[in-house]
Amino acid sequence: GILFCQRGGGGNLFTEKEYTNFVFRFEFKLESGSNNGVGIRAPYEGDAAYMGMEIQVLDDTTKKYGPLKPEQMHGSIYGVIAAKPGSQKPLGQWNTEEITARGRHIKVVVNGKTIVDANLDEVTDPATLQKHPGLLRSSGHIGFLGHTEYAEFRNVRIKELPADRN
């Protein structure tokens, strides 16, 4: 019952189906230097962090990656919206994460703490929108974005939400 990205491995593992509004729940366990991500509303082609959105999964306590920007920390919408720090358990312990996408609203909860509660319509910087065209996508695949560092996942669930009536 565990999915893992092996050391030196990597690659993406996407859903077959595309999702618009959803809740994606999972548990994750990291070790020192773990680096992964969850792609949401992503196409199969291109870099999901830019052509869709990547919710960062990272040991952001390591010195391995040098100084990180706030929008590169665990739970952030990578390169765009910073997550509140301090929600992860110590390395080697299981954490729970829930990513909710409903229309232009993205919410990330780790271990019961809301660390991102974002309205994508508030991202208006032209340079950011040009670099991250996936912010404008309304649907796409969900998947794990394996880099080359070890990470484990279990109890993976997706709940499709009804369309907004606004």
Side-chain angles (χ1 to χ4, degrees), residues 1-5 10-29 35-58 60 69-88 94-147 151-166:
I2 294 176
L3 290 171
F4 65 93
C5 180
N12 298 336
L13 178 62
F14 283 116
T15 59
E16 217 173 274
K17 180 178 177 166
E18 291 195 20
Y19 293 87
T20 300
N21 297 312
F22 59 86
V23 178
F24 182 60
R25 294 181 181 117
F26 60 95
E27 294 177 62
F28 68 93
K29 183 166 63 171
N35 185 1
N36 210 287
V38 174
I40 63 171
R41 295 184 177 161
Y44 283 143
E45 302 81 28
D47 187 334
Y50 302 96
M51 302 312 291
M53 287 171 267
E54 178 178 354
I55 309 303
Q56 183 74 289
V57 176
L58 180 72
D60 50 26
K69 296 177 184 173
E71 64 274 9
Q72 294 175 310
M73 304 297 271
H74 179 86
S76 296
I77 300 175
Y78 181 76
V80 180
I81 297 174
K84 294 176 187 170
S87 63
Q88 291 185 66
W94 286 103
N95 297 267
T96 61
E97 184 156 328
E98 179 177 286
I99 301 166
T100 303
R102 185 183 289 276
R104 303 290 294 151
H105 183 225
I106 306 294
K107 183 176 177 182
V108 180
V109 177
V110 174
N111 296 320
K113 296 177 185 174
T114 299
I115 61 172
V116 170
D117 194 356
N119 177 350
L120 296 177
D121 288 334
E122 294 175 1
V123 179
T124 57
D125 176 57
T128 300
L129 292 170
Q130 183 175 8
K131 186 175 181 179
H132 295 268
L135 293 171
L136 302 175
R137 290 179 60 92
S138 60
S139 67
H141 304 281
I142 301 170
F144 292 111
L145 310 178
H147 300 312
E152 293 182 0
F153 302 93
R154 70 180 184 189
N155 295 324
V156 178
R157 303 168 310 283
I158 302 171
K159 178 182 179 182
E160 199 161 10
L161 301 174
D164 283 340
R165 295 187 177 168
N166 303 9

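The shown structure was predicted, so the numbers you read here are calculated from the model rather than taken from an experiment.
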In the structure I gave you, are the side-chain heavy atoms of [X] and [Y] within less than 4.5 Å of one another anywhere?
X	Y	value
Gln72	Leu58	no
Phe28	Asn36	no
Asn111	Glu98	no
Ile81	Leu120	yes
Met53	Val38	no
Arg41	Ile106	yes
Arg25	Asn155	no

Does the plane of the ring in His141 sit parallel, tilted or perpendicular to the ring in Tyr44? Use 30° and 60° as the thresholds.
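Taking Tyr44 first and then His141, their aromatic rings lie parallel (interplane angle under 30°).
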
Below 30° counts as parallel, above 60° as perpendicular, anything between as tilted: where do the rings of Phe24 and Phe26 land?
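Taking Phe26 first and then Phe24, their aromatic rings sit tilted (interplane angle of 30° to 60°).
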
Would you sort out whether Asp117 and His105 count as a side chain to side chain contact (heavy atoms under 4.5 Å, CB included), showing the intermediate values?
CA-CA 7 Å; Asp117 194 356; His105 183 225; 2.3 Å; yes

ring-ring contact (aromatic ring centres under 6.0 Å, His included) involving Tyr78 - partner list, sequence neighbours excluded:
none

Determine whether Phe144 and Val57 satisfy the following criterion, side chain to side chain contact (heavy atoms under 4.5 Å, CB included), listing intermediate values before the conclusion.
CA-CA 9 Å; Phe144 292 111; Val57 176; over 6 Å; no

So does [Y] get a backbone contact from the side chain of [X], meaning a donor-acceptor N/O pair under 3.5 Å?
X	Y	value
Glu27	Arg154	no
Asn119	Asp121	yes
Thr20	Ser139	no

For the [atom1] atom of [X] and the [atom2] atom of [Y], what is their distance to the nearest 0.5 Å?
X	Y	atom1	atom2	value
Arg137	Met51	CZ	CE	7.5 Å
Lys107	Ile99	NZ	CD1	13.0 Å
Ile142	Ile158	CD1	CD1	4.0 Å

Can you name the closest pair of heavy atoms from [X] and [Y] and give their distance?
X	Y	value
Ala101	Leu161	O-CD1, 4.3 Å
His74	Ile115	O-CD1, 3.9 Å
Glu97	Val110	OE1-CG2, 3.4 Å
Tyr50	Lys131	CD2-O, 3.3 Å
Gly103	Asn21	N-OD1, 2.6 Å
Ile77	Ala118	CD1-CB, 4.4 Å

Applying side chain to side chain contact (heavy atoms under 4.5 Å, CB included), run through Ile55 and Val116 and close with a yes or a no.
CA-CA 10 Å; Ile55 309 303; Val116 170; over 6 Å; no

Looking only at side chains, do Asn95 and Gln88 share a donor and an acceptor under 3.5 Å apart?
no

With Glu18, which residues qualify under salt bridge (charged side-chain N to carboxylate O under 4.0 Å, His left out), at least two apart?
none

